[in-house]
Every structure is written in structure tokens, then in C-alpha cells.
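Report on one structure; see the data block that follows.
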There are 4 protein chains.
Amino acid sequence: MSPRSAKQFNDIRKQKTELIMETALELFAEKGFHATSISQIAKKAGISKGLTYNYFESKKEILDELIQHGFNTIFDSLDLNKDGIVTKEEFIHFIRHSFSLVRENLQHWKLFFSLLVQPHVAETFSKEYKIKGEPVFLMMYNFIKSQGSNDPEGDLMAISAMIEGAFLYFVAAPDVFPMDIMEEKVINACFKIINN
Amino acid sequence: MSPRSAKQFNDIRKQKTELIMETALELFAEKGFHATSISQIAKKAGISKGLTYNYFESKKEILDELIQHGFNTIFDSLDLNKDGIVTKEEFIHFIRHSFSLVRENLQHWKLFFSLLVQPHVAETFSKEYKIKGEPVFLMMYNFIKSQGSNDPEGDLMAISAMIEGAFLYFVAAPDVFPMDIMEEKVINACFKIINN
Amino acid sequence: MSPRSAKQFNDIRKQKTELIMETALELFAEKGFHATSISQIAKKAGISKGLTYNYFESKKEILDELIQHGFNTIFDSLDLNKDGIVTKEEFIHFIRHSFSLVRENLQHWKLFFSLLVQPHVAETFSKEYKIKGEPVFLMMYNFIKSQGSNDPEGDLMAISAMIEGAFLYFVAAPDVFPMDIMEEKVINACFKIINN
Amino acid sequence: MSPRSAKQFNDIRKQKTELIMETALELFAEKGFHATSISQIAKKAGISKGLTYNYFESKKEILDELIQHGFNTIFDSLDLNKDGIVTKEEFIHFIRHSFSLVRENLQHWKLFFSLLVQPHVAETFSKEYKIKGEPVFLMMYNFIKSQGSNDPEGDLMAISAMIEGAFLYFVAAPDVFPMDIMEEKVINACFKIINN
DNA sequence: GATGAATGAGTATTCATTCAT
DNA sequence: CATGAATGAATACTCATTCAT
């Protein structure tokens, strides 16, 4: 009875939803949420303004979905080895993996950093960010302690700051430092900090 | 009927200009440039919309002046001891002073981080930021080298990232780590990184 | 694979057409023509937007059909006893029947009153309403005259206004007066007016 | 200091506010609230769309102000002679005055009837309308009783309906009956109803 | 210098309607 | 017959900017 099968409709929906989200992410990341208009998104995506509202209730909802989706892609892939013991190799792998995540999701990270700095845009973002970050801090803390640090709290702060800072350089000023070298140096520095 | 003296006019101009800039800084820092309207600035400053345009050509110009002014207050106070030798005490003082600058100019830093992440807002900002940063990197590089580091470039990267990251935590998530302790730990970590 | 018979198709058509009209009537009556969207009608009717256009050329056409249909249900059932003499009993029955019509077609009446007041929505409505009303006025006039009124024109005005007003209360403010009592009082008042 | 005096600004505001309200009333009355756009109002008023929002927060606020203003002009002028005894002359004067109010505020009444029929447009209107109407009903009831009616409640219903109906004809179909004659006949009918 | 009325282009959003399937 | 994706024009509303006073 129905003309296109349910699957066909689903495929179209999925494809268009992704198209809109990808396009919006590019623009939000580059210009910011408020400086990006629905017209621009639609134009860049090659669709009509109206269609956008066929898939999203509002511009804000696009952002929220992007945040949700970003959190998932970024944090779900982290193997925090909860409860277990983290070996040196695993810790290094975790750091390298995190750098890869930034490399491969640059726009998500750009968006995230901008939301972090201007929390009024998406009220829930900063909170969620901290919640998602906590297990990471915990894993790192346990590892640092297990390595015999005599100031695990202090080392955690220094290391967290260093990694966050490296990511920020990555995202905002990748030409200041060569990022592959930065990665090595950060890993080295972690152990210098811990083993003293 | 008596006309105001030139000095009186100048005083008024200066005072109003500062009022507008301060108010704009608060709003830009908190909500972002695009999400802040001239009406909001005028309302919060207790003046009329029109008056804003008596002192600034456009909303963009307010931002540009804020950037300029921010760069000046932040970087002018840095004593980089160019050409001379930086002692350990001077380096520590430099770091502490930098942390103080963030503490005391939180809104400027908020604005700066947001501009850093979304360069389309103020085209020249990122470039300028790098230019202003270069002497700082140079000073740090020289200091690290003078301390006998066997990888001064690498240590510079790690230390720069750590400081930048600490500032970001300061600005965006000051409740995650106690900032006075963070300051100590960063200083300690600097030397752990260098002396290895 | 067996094709549906012409009858089956016709049944479906009729059934769907009625479904759409009923749903539209509810919404038009409650919220008004302009405040009701095709989406809302389709959603409430449990069909797709597109299907609506399979049965009606436009939103306006749904309204026009509703008007037509309303006129028919309302006025066709009136036995005006044209040319013949209307007895007192027949007149009373006519009034009671009219009240019943309002009671049973409340939404139609709501829609009609709103169209009456805002004639721009359906250009032809007011005219048609007057045309359909004329034989009613004539019947009433003849009856009033036959009852020996010494000012039949004047009495017609008063009685017409009273009935119209009672219907309006019915439709717009049924809680102000108990409608079954109102019906009795209106009938009584008619004769008070005529017999003086 | 200020260019235009406070009074000048006030005058402009008052004048423009009135202009917008008058224009909006015309259009709301003729086409309905939802079918009237801000563009149409602005165009007809000879001002820009933006200016409308300098004076009113929203289209809805214009309507609300019109309702408020309408209630005031219509009901404030009614002398209900509360607590006192209403003479026959006073009652007649009240009816005549009410007819005049409709005559002179035709558009307000059009708007009001449309809001009465479609209460979703302005949630509070119907309620308010009933509240404002109550003292009128009370005054009429007392008068009817004082005239020796043996069914004051019933007579009130009939008379209220008649007046409301007459107003509706006035507003929606003034060419069906000559309104000055209608006025006389309604007054007459009132007494026919009461005195039986 | 100061005001706020006025504008017009822009923004998010809605909606009647079309059409491929 | 039926679906819902797609469009484009329209809608309510915002906002940087201008300007007469």
C-alpha cells in the first residue's frame, strides 16, 4: 500500500539526518553556534531550510544531538579498564588513543571547547563533560598512584592540565607545535612527572 | 550656559568608553560575541543604544578594542627579561605572575579562549595571539635550555601545554581542581620535566 | 492481487472524506480556520498529509465543503411548510427543532458563527447564510402576521434577534444560562412579543 | 542634554502606539487575529515591521491591549446604577446607550464576537467577558423584578438573548435589518416580555 | 554628548502544497 | 489509494545601525 517501504523511508531519514548533523557540526565548530544560521546549514547541505525542520525541531536540537553524539563517539571508545590494574603500556595506549580521538574528531572537539568556554549556549554541556571526565580522572589517579608517585593528586592535576592543553593546541593552534611530536613529549612528560 | 572644558569632555569620553568596554567584556565573556546584542550592552551599562555608536563605530569595533586592550594588559605586564638570563626565581615568578593575570582578568581570558577556538569571529586574533606568544615561548625555551634540559624543544611543548591547560581549567572549570594548588603543582611539574 | 471492486474504492473514498471533514470541523470550530494546519488535521485523523490532497484540492476546499455540508444538514431538515399555513404548534415545533439542530451540530454552528463574524475567510458564506435564512424569515413573518400581530416586521426583528442570540449563548457561553430553560423562555417570549 | 524632551518622546510613543492599535484592530476585526500578519499591520500603518516591536512585545500583546482597551471603553461607560433603583427611563437609556456603544465601536465588537466564538485565541477573554457581564445581568434582573415580572429569571434570559442577538446582527449582518428600527423594536419587546 | 524612534535585512520557524514512489 | 520527503513562500520576531532632535 505504501509507496516507499518503511526501510526506504528510514534510510532517507537516516541519511538526511546525518547530512544535516555533519554540516551543522562543521559550521558550529568553525563559526560558533550563534553565528551559524539554519539558512547556512541548509545551503551548505544542499537542501531547503524547511527540510531541516522535518528532521529537527529547532536549531538547538541539532546542537543537542551533536553534543550527545559527540559524547558517545568520544567517550564510548575509551577503555578505562575500570576496577582492573592499568599497566604502563595500557596507560600509554590510552593517551595515544585520546590523541587519535582528537585528531579524528577535530570538529567535535572544537565545538566542545567552545561550549566549555561559553556554558550559556548549552546549559547541560559543562556538567555532562565533568561527569564523563570523572572516570577518566579516576583511572589516571589510580595509575599514577600504582606507579609509586608520592603526590598522586598533584601529579594528576599537572598531567590533566598538560593533556587538556595539548588538545587545545591541537584544536586551536595546530601550527604552533607539530602534533605528533607533542604527543610523544606529553607521554614522556607524564612519566617524568610521576616518577619524581 | 558655560561650556564644558575640553578636559571635562575628555573625562566623560574616557569614562563612558571604559564603561561600555567593561560591560561588553562581561557579556561577551559570559554569552559570547554573537549572542550579545548592543541593546543588552546599553541596557546593562545604563546608557542609550545610540550613545554606543558615539564611541564605537560598530559592535565589532568594541570587540577589537577589547582584544587590543586585553593583549596590552596581559602581555605588557610580563617581564620577559629579553636578552638577559632568566634565573630559576624569575621563571617561577613569571609563572606565578601569569596565573595571577588569569585570576585577575578572568573575563578577558574567557573571551580570548573563545576567540581562540572560533577564529572566524575575529580574524586577526589567533595570529596576534601567536605573535604575542612567541617571545614567551622564546624566553621559556632559553630558560629550559639554561637549566640543562637535554630536550628543550620537547620540554617546551609539554610545559606550554600544561600551562595552557591549567589556564583553561581555570577559566572553564575552576571547580574541578583547586586553582591555588594547581599553580604549585604546575610549577613543580615544570622542573620535573626539565630536570630529566 | 485481486483488485478492489469499484464499490470498495468508493466506500474507502467516502469514509476517508468523511473522516477528514469531521476532523477538520472539530479543529476549525475549536481553533479557527487559519489557526488550524493541514498537519494537525492529518495527525488527528491518523492519516498522512499527502492523503488529504488526494481528497481535497486545498485547505480552503475542505472549509467550503464543510460550509456546504453544514448548510445542508441544518437547513434541509427545516420544514418551513412553504405556501401553507403554519399553526402555533408547528411554529413551536420549528423553534424546538432549531434548538435541537444547534445542540446536535454544535461545531458546525461554532464554525458558522465565526465565519459570520469574519466574512473574509469564506467570501461566499455570509451571502449564502442570508439566502438560506430568507425563507425562514418569511415563514416566521407569515406566522407572526397570521397570529394577529399589529407590527409583524418589528416582532420579526425582535424574535429573530432573540433566537440568534440564544444560539450564540449556546455556542459561545453555554454555562451562562441553562440551555433547556432558555429554550422554553424563548418560546414563551416569542408569543409575548407577538400577542401585544 | 537630551535631544527631544521627555514629553516629546511620550507624545511620539502615545501616537504610534495608538496608530498601531487602531490599525491592528481594523485588521483583526475584519480578517481575524490569525489571518492578520504583522507585515500587514505595519504596511497599513505606514511603518516598518521592526517599529511594531518597539512598542509591543508580540502580536499577542497587541491583541491583549486591544481587549483591555475594548473592555474599558465599552464597560466603563455603562452606568449600571448599582445599589440604586433603576427607573424605566434609565433602563431604556441603558439599552439605547448600549446600542450606541456597538454603533460607535463596531470593530471592537466584531473582534469581541470572534474571540467569544473561538476562545483559544485569547484564553482570558471569555472569562473576563462573563465577569464584566455579570453586573449588567444583575442590574437587568433587578429592573425586571422591580417591574413586577412573574418570571424574572426567564425574562432575563429572553431579553439578554435578544440584545446579544441584535448586536450580532449589527456586527455581522447589518443589512438584514435596519438597525435603528431594530433598536426600537428590541426596547418594545423588552417590555412586552416583562409585562406578561 | 545623549536619546530613543525608526529602519531593513536577517533569523528561526511554520505551513500549504507537490511529487516520487 | 497512500506515504512522507521536499520545497518555497510566508510568519513572528531580532538586531545592528542611522538619524533627527
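Side chains included, hydrogens not; waters and symmetry mates left out as well; all remaining heavy atoms used. Each chain gets a letter, A, B and so on, in the order the sequences are listed, and its residues count up from 1.
- DNA chain E lies under 4.0 Å from at least one heavy atom of each of the following residues of residues 25-50 of chain B: Ser48(B), Lys49(B), Gly50(B).
- Side chain Asn54(A) to base dA6(F): a donor-acceptor pair is found below 3.5 Å.
- Among the atoms of the strands shown, only primed sugar atoms or phosphate atoms (P, OP1, OP2) are found under 4.0 Å from some heavy atom of Tyr55(A).
- A residue-by-residue look at Leu51(B) and Leu51(D) shows that Leu51(B) has its nearest nucleotide of DNA chain E further toward the 5' end.
- For Lys60(D), the salt bridge (charged side-chain N to carboxylate O under 4.0 Å, His left out) partners two or more places apart in sequence, or in a different chain, are Asp64(D).
- Near DNA chain F, meaning a heavy atom under 4.0 Å from it, residues 118-125 of chain D has no residue at all.
- A heavy atom lying under 4.0 Å from DNA chain F marks none of the residues of residues 58-67 of chain C.
- The ring-ring contact (aromatic ring centres under 6.0 Å, His included) test applied to Phe71(D) returns Phe75(D), Phe112(D), Phe125(D), not counting sequence neighbours.
- In the displayed structure, Glu123(D) atom CD is contacted under 6.0 Å by more than 12 heavy atoms of other residues, nucleotides or ligands.
- Within the structure, the ring-ring contact (aromatic ring centres under 6.0 Å, His included) test picks out the following pairs touching residues 33-52 of chain B (sequence neighbours left out): Phe28(B)-Phe33(B).
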## Note on the structure
For DNA chain E, the dot-bracket notation using Watson-Crick and G-U wobble pairs below 3.5 Å, [ ] for pseudoknot-type crossings and | for other-strand pairs, is .||||||||||||||||||||
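- Counting all heavy atoms, side chain and backbone alike, Pro119(D) lies closest to Leu116(D) at CD-O, 4.1 Å.
- Considering only residues two or more places apart in sequence or on other chains, Lys14(D) meets the salt bridge (charged side-chain N to carboxylate O under 4.0 Å, His left out) condition with none of them.
- For His69(A), the ring-ring contact (aromatic ring centres under 6.0 Å, His included) partners two or more places apart in sequence, or in a different chain, are His108(A).
- Take Glu22(B) and apply the side-chain contact (heavy atoms from CB on, under 4.5 Å) test, not counting sequence neighbours, and it matches Glu18(B).
- Leu27(B) and Thr36(B) get closest at one heavy-atom pair: O-OG1, 3.3 Å.
- In terms of the side-chain contact (heavy atoms from CB on, under 4.5 Å) criterion, residue partners of Glu26(C) (sequence neighbours excluded) are, by chain and number, Lys44(C), Gln107(C).
- The side chain to side chain donor-acceptor pair (under 3.5 Å) check on Lys59(A) picks up nothing, with sequence neighbours excluded.
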